[in-house]
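Here's the structure, in structure tokens; my notes come after.
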There are 2 protein chains.
Amino acid sequence: MGAQKRYNCAVEVTVDLIGGKWKPVILAQLKKGVHRYGELRRLMPATSEKMLIQQLRELEADNLVERTVFDTVPPQVEYRLTEEGWSLVPVLTAMFEWGTKRADRVDIELPG
Amino acid sequence: MGAQKRYNCAVEVTVDLIGGKWKPVILAQLKKGVHRYGELRRLMPATSEKMLIQQLRELEADNLVERTVFDTVPPQVEYRLTEEGWSLVPVLTAMFEWGTKRADRVDIELPG
DNA sequence: CCGCATCCAACAGGATACTG
DNA sequence: CAGTATCCTGTTGGATGCGG
């Protein structure tokens with residue numbers, strides 16, 4: 001176990017886990033609260049189904065997100081942050097706040 | 001001006017600018033101080049010349065990094081954060097600290 | 001020393017159609 | 001509702017060699 005990969009900087013570890021286009025966005029949404037699959041889809045309309053489910057699976061494998069299935073009809077699946085996921089909040093918050101300020105400076109429109 | 005692209009979340013703006021495998025690492029290195037090109041290469045041995053120069057150019061174009069050329073023999077080029085780049089420090093710090101703790105939890109070795 | 005040019009492999013990501 | 005399966009494309013990233 002451990003030591004499968006070589007990192008020269010702690011930042012690389014973080015990038016390896018939450019890098020990519022969508023993971024930070026998914027986590028930021030889940031930071032606001034538990035969400036069903038369909039809710040996430042609506043919150044992230046630019047993401048394809050494939051990417052969303054794929055990234056969710058990877059986040060689950062890395063123990064950052066927890067998936068709960070309710071055996072109902074119709075099916076219901078909830079996603080929430082794990083404790084490890086919650087530990088990412090400072091990163092997510094910093095990214096959200098910087099993005100907000102940058103959007104303001106460069107005149108980018110953001111919803112809400 | 002502005003409004004070239006559609007974002008549904010402020011986090012997407014940040015990912016768009018400092019996403020990818022190397023930009024956060026480059027910025028984290030420059031946060032520690034001004035560095036020459038060769039120094040960055042040694043600090044990031046896993047990066048190819050092509051990627052390093054390419055990412056530096058993009059960071060420069062986005063006004064996060066400033067490039068200074070000294071007309072000497074041999075040539076000397078310094079890279080430093082711009083004011084806009086410095087505004088990213090909370091993000092970089094959060095990523096560094098989370099990576100450090102995660103490495104500790106999962107038993108990953110980090111230099112220094 | 002600080003790059004650029006070229007070629008190539010791998011993977012992240014997107015479009016579409018289908019299923020329990 | 002919550003996914004799967006398949007196919008396809010663009011970007012990321014690596015290797016190598018050359019140039020001011």
Side-chain angles (χ1 to χ4, degrees), chain A residues 4-9 11-12 14-27 29-30 34-62 64-80, chain B residues 4-9 11-27 29-30 34-62 65-80:
Chain A
Q4 319 86 320
K5 201 174 168 181
R6 224 53 183 175
Y7 297 97
N8 290 284
C9 173
V11 172
E12 295 178 26
T14 307
V15 171
D16 227 29
L17 279 160
I18 64 164
K21 200 170 174 179
W22 299 117
K23 282 179 183 172
V25 183
I26 295 173
L27 293 167
Q29 297 294 352
L30 293 180
V34 176
H35 282 301
R36 298 180 57 169
Y37 174 77
E39 292 175 328
L40 287 174
R41 286 237 55 195
R42 281 185 290 280
L43 288 167
M44 304 168 56
T47 321
S48 68
E49 289 187 354
K50 174 195 160 187
M51 287 316 298
L52 184 54
I53 211 61
Q54 182 177 298
Q55 303 299 307
L56 280 168
R57 291 284 187 270
E58 291 181 16
L59 290 171
E60 201 188 349
D62 288 328
L64 297 175
V65 161
E66 186 185 11
R67 179 170 174 270
T68 312
V69 181
F70 297 91
D71 197 2
T72 56
V73 179
Q76 177 169 351
V77 179
E78 283 182 356
Y79 292 94
R80 79 193 67 221
Chain B
Q4 322 86 321
K5 200 172 169 182
R6 225 53 182 173
Y7 297 97
N8 289 285
C9 173
V11 172
E12 294 178 26
V13 178
T14 306
V15 170
D16 227 30
L17 278 160
I18 65 164
K21 200 170 174 181
W22 299 117
K23 281 179 183 172
V25 183
I26 294 173
L27 293 167
Q29 296 294 353
L30 293 181
V34 177
H35 281 302
R36 299 182 55 172
Y37 174 77
E39 292 175 328
L40 287 175
R41 287 239 54 196
R42 281 185 289 280
L43 288 167
M44 305 170 56
T47 322
S48 69
E49 287 188 354
K50 174 192 160 187
M51 286 317 298
L52 184 52
I53 212 62
Q54 182 178 298
Q55 304 298 307
L56 280 168
R57 290 285 185 272
E58 291 181 16
L59 290 171
E60 201 188 348
D62 288 328
V65 160
E66 186 186 11
R67 180 170 174 269
T68 312
V69 182
F70 296 92
D71 196 3
T72 56
V73 180
Q76 177 171 349
V77 179
E78 284 182 356
Y79 292 94
R80 78 194 66 223

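Here is the naming used below: chain letters follow the sequence lines, and residue numbers restart at 1 for every chain. Heavy-atom basis, side chains included; hydrogens, waters and symmetry copies ignored.
- Distance CG (A/Leu40) to P (D/dC1): 14 Å, rounded to an integer number of Å.
- Contact of the A/Lys23 side chain with the A/Glu58 side chain is registered, since non-hydrogen atoms from C-beta on lie closer than 4.5 Å.
- Rounded to a whole Å, the CZ atom of A/Arg41 is 11 Å from the P atom of D/dC1.
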Can you pull every protein N or O that's under 3.5 Å from an N or O on nucleotides 18-20 of chain C?
none

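- What you find for B/Ile26 and B/Met44 is that their closest heavy atoms are CG1-CE, 3.7 Å.
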Tabulated below should be each protein N or O lying under 3.5 Å from an N or O of nucleotides 6-11 of chain C; please produce it.
none

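- In this structure, the NZ atom of B/Lys23 is 13 Å from the P atom of D/dT11, given to the nearest Å.
- Across D/dA2, C/dG3, C/dG13, the shortest atom-to-atom separation from the side chain of A/Arg36 is found for D/dA2.
- When each of C/dG3, D/dT4, D/dT12 is scored by its nearest atom to the side-chain atoms of A/Ile53, the top-ranked nucleotide is D/dT4.
- Within the nucleic acid shown, B/Phe70 has no heavy atom closer than 4.0 Å to any nucleic acid atom.
- Closest to the side chain of A/Tyr79, out of D/dG3, C/dG13, C/dG3, is D/dG3.
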Point to revise | A/Glu12 vs B/Trp22, side-chain contact (heavy atoms from CB on, under 4.5 Å): CA-CA, chis, key distance, verdict | key: CA-CA 8 Å; A/Glu12 295 178 26; B/Trp22 299 117; 4.3 Å; yes
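- Following rounding to the nearest Å, A/Asp16 (CG) and C/dA12 (P) show an atom-to-atom distance of 10 Å.
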Practice item. Check step by step if side-chain contact (heavy atoms from CB on, under 4.5 Å) holds for B/Gln76 and B/Arg36. Key: CA-CA 7 Å; B/Gln76 177 171 349; B/Arg36 299 182 55 172; 3.5 Å; yes
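- Across the protein-nucleic acid pair, B/Glu78 atom CD and C/dG3 atom P stand 12 Å apart, rounded to whole Å.
- Distance from the side chain of B/Trp22 is smallest for D/dG13 among the nucleotides D/dG13, C/dC2, C/dG13.
- At the phosphate of D/dA2, neither OP1 nor OP2 sits under 4.0 Å from any side-chain N or O atom of A/Arg42.
- Two residues, B/Gln54 and A/Thr47, neighbour DNA chain C, and the one matched to the more 5' nucleotide by heavy-atom proximity is B/Gln54.
- Classification of A/Arg41 and A/Glu39 as a salt-bridged pair fails, no side-chain N sitting under 4.0 Å from a carboxylate O.
- B/Val15 and A/Gly20 make their closest contact through CG1-O, 3.9 Å (heavy atoms, listed as atom of the first residue, atom of the second, distance).
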Practice item. Test B/Phe70 against B/Val77 for side-chain contact (heavy atoms from CB on, under 4.5 Å), laying out the working first. Key: CA-CA 6 Å; B/Phe70 296 92; B/Val77 179; over 6 Å; no
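- C/dA12 atom P lies 17 Å from atom CZ of A/Arg57, rounded to whole Å.
- Nucleotide C/dG13 holds its P atom 12 Å from the CG atom of A/Leu52, rounded to whole Å.
- In this view, B/Glu60 satisfies the side chain to side chain donor-acceptor pair (under 3.5 Å) rule with no residue, not counting sequence neighbours.
- Between A/Asn8 and B/Pro45 the shortest side-chain heavy-atom distance falls below 4.5 Å.
- Position along DNA chain C of the nearest nucleotide to A/Ser48 versus B/Glu39 favours B/Glu39 as the more 5'-ward residue.
- When the P atom of D/dG14 is taken as reference, atom CE of B/Met44 falls 10 Å away, rounded to whole Å.
- The side chain of B/Lys21 approaches D/dG13 more closely than any other nucleotide in the set C/dG14, D/dG13, D/dG3.
- Of the residues listed (A/Leu40, A/Leu59, A/Val25, A/Leu43), the one engaging A/Leu30 in a side-chain contact (heavy atoms from CB on, under 4.5 Å) is A/Leu40, and it is the only one.
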